[in-house]
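Heads up, the thing below is written out as structure tokens.
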Amino acid sequence: MKYWLMKSEPDVFSIDQLKKDSTTWWEGVRNYQARNFMMKDMEVGDAVLFYHSNATPPGVAGLAVISKAAEPDQLQFDKKSEYFDPKATKEKPIWYCVQVKYADKFKELVSLQDLRDNDKLKEMLVLAKGSRLSIQPVDKKHFDIVKKMGGL
DNA sequence: GCCAACGTTGGC
DNA sequence: GCCAACGTTGGC
């Protein structure tokens, strides 16, 4: 079992929305590195830190679980979607997404600053300068610390 | 295959 | 709204 951090803008899709919906397909990822993590490395049951980006403040809002393995992202075929990709076909899809299931909401957001302030988390990718990858692997030891910081 | 120009992400 | 860092595109 592996551990991940997945970024979402709460204005677009928040942890509260995930709690309400229970599950969601992680559509709209248009970055190859992030896609490859979903296609090749994620497995059902993997644990996810649900991160609110472009938020005030940004930070980890709760936990989720990978509930279904990667399937073609339907939005790449939808001409009306901002995620439409003219190069993709049903026979040869380009973009894939996994299904994510709600697990827990932190009592309090663990802010980006909180993560920075913790010496033990120094090596987390999300803290690296210029890190904008929206899906990142996380070490178990880091995952456990953040979970504890979130009161779970 | 190089690399300049452009677009996007995301913290501040 | 700004802008640094990064990814992608396209001309050559």
Taking [atom1] from [X] and [atom2] from [N], how many angstroms apart are they, rounded to a whole number?
X: A:Arg132; N: B:dC12; atom1: CZ; atom2: P; answer: 16 Å
X: A:Arg30; N: C:dT8; atom1: CZ; atom2: P; answer: 13 Å
X: A:Leu133; N: B:dG10; atom1: CG; atom2: P; answer: 9 Å
X: A:Ile94; N: C:dT8; atom1: CD1; atom2: C1'; answer: 13 Å
X: A:Gln33; N: B:dT8; atom1: CD; atom2: P; answer: 19 Å
X: A:Met6; N: B:dT9; atom1: CE; atom2: C1'; answer: 17 Å
X: A:Gln136; N: B:dG10; atom1: CD; atom2: C1'; answer: 12 Å
X: A:Glu9; N: B:dT8; atom1: CD; atom2: C1'; answer: 11 Å

Self-check item: Distance below 4.0 Å between A:Tyr32 side-chain N/O and C:dC6 OP1 or OP2
Solution: no
Nearest to the side chain of [X], which nucleotide is it out of [options]?
X: A:Lys87; options: C:dT9, B:dG11, C:dG7; value: C:dT9
X: A:Tyr51; options: C:dC6, C:dT9, B:dG11; value: B:dG11
X: A:Leu112; options: B:dG10, B:dG11, C:dA5; value: B:dG11
X: A:Lys7; options: B:dG11, B:dG10, C:dA5; value: B:dG10

Quiz prompt | Minimum heavy-atom distance between A:Leu109 and A:Asp114, given as atom pair plus value | solution = O-OD2, 3.8 Å
Quiz item: Looking only at heavy atoms, what is the nearest atom pair of A:Trp95 and A:Val29, with distance?
Solution: CE3-O, 3.5 Å
Quiz prompt | Which residue lies more 5' along DNA chain C, comparing A:Asn54 with A:Gly130 via nearest heavy atoms | solution = A:Asn54
Quiz item: Under 3.5 Å, is there a donor-acceptor pair linking the side chains of A:Gln74 and A:Asp78?
Solution: no
Quiz prompt | Sugar-phosphate, base or nothing in reach of A:Arg116, heavy atoms under 4.0 Å | solution = sugar-phosphate
Quiz prompt | Centroid-centroid distance, A:Phe50 to A:Trp26, less than 6.0 Å | solution = yes
Exercise. Start with the C-alpha gap between A:Lys92 and A:Lys87, add the side-chain angles, then the distance that decides, and say whether side chain to side chain contact (heavy atoms under 4.5 Å, CB included) holds.
Key: CA-CA 9 Å; A:Lys92 276 198 173 175; A:Lys87 293 197 285 293; over 6 Å; no
